[in-house]
Amino acid sequence: MQLSRQAAVQPGKVLPGQGLLRSLPRSSACQHRRSSRQALRVRAIAEAERTATKSGSMTPIQKDVASKLKYLLGKSKDHDIKDIYQGTAWSVREHLIDSFENTQDYWAQKDPKFVYYLSAEFLMGR
């Protein structure tokens with residue numbers, strides 16, 4: 001008695017290279033609908049990017065990163081992913097430093113009392 005390869009496969013398992021969608025036949029109408037939906041999505045994303053990159057519609061974060069690219073890295077138009085990363089890192093660094101200074105000023109104004117203690121666990125020498 002001969003067993004086919006399909007019969008030897010356990011239920012619920014898919015052979016490599018044989019996804020569930022690949023095994024189903026697709027009609028040309030289904031492919032056409034999917035490609036037209038994909039084209040609409042691509043157009044919508046491209047339009048959103050075009051409107052977002054106009055000079056008047058940049059968010060404050062985008063403006064900050066663009067200024068870091070221009071004034072720290074000297075790149076206003078021809079920049080790559082590494083430059084964008086560097087500009088973003090400098091921008092985040094400045095915001096963190098500002099936040100840290102605000103926190104220090106707040107605690108200096110409040111002048112709270114702090115309690116420090118040393119636990120006996122650390123004195124045992126273990």
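All residue numbers in this chain count up from 1 along the given sequence.
With hydrogens and angles disregarded, no donor-acceptor distance shorter than 3.5 Å links the side chain of Ser99 to the backbone of His95.
Annotation: the span from Trp90 atom CH2 to Glu94 atom CD amounts to 8.0 Å, rounded to 0.5 Å. The distance from the CG atom of Asn102 to the CD1 atom of Ile97 is 12.0 Å, given to the nearest 0.5 Å. With rounding to the nearest 0.5 Å, the separation of NZ in Lys70 from NZ in Lys77 is 9.5 Å.
When the shell of 6.0 Å around OH of Tyr117 is examined, it contains 12 or fewer heavy atoms from other residues, nucleotides or ligands. Other residues, nucleotides and ligands place no more than 12 heavy atoms under 6.0 Å from the CD1 atom of Ile81. Dense packing is recorded around CG of Leu72, with more than 12 heavy atoms of other residues, nucleotides or ligands lying under 6.0 Å away.
Annotation: side chain to side chain contact (heavy atoms under 4.5 Å, CB included) contacts of Thr88 (sequence neighbours excluded): Val65, Ile84, Val92. Residues meeting the side-chain hydrogen bond (donor to acceptor under 3.5 Å, both in side chains) test with Lys75, sequence neighbours left out: Asp83.
The side-chain heavy atoms of His79 and Leu73, taken from C-beta on, include no pair separated by under 4.5 Å.
Here the closest non-hydrogen pair linking Ala66 and Met58 is CB-CE, 4.0 Å.
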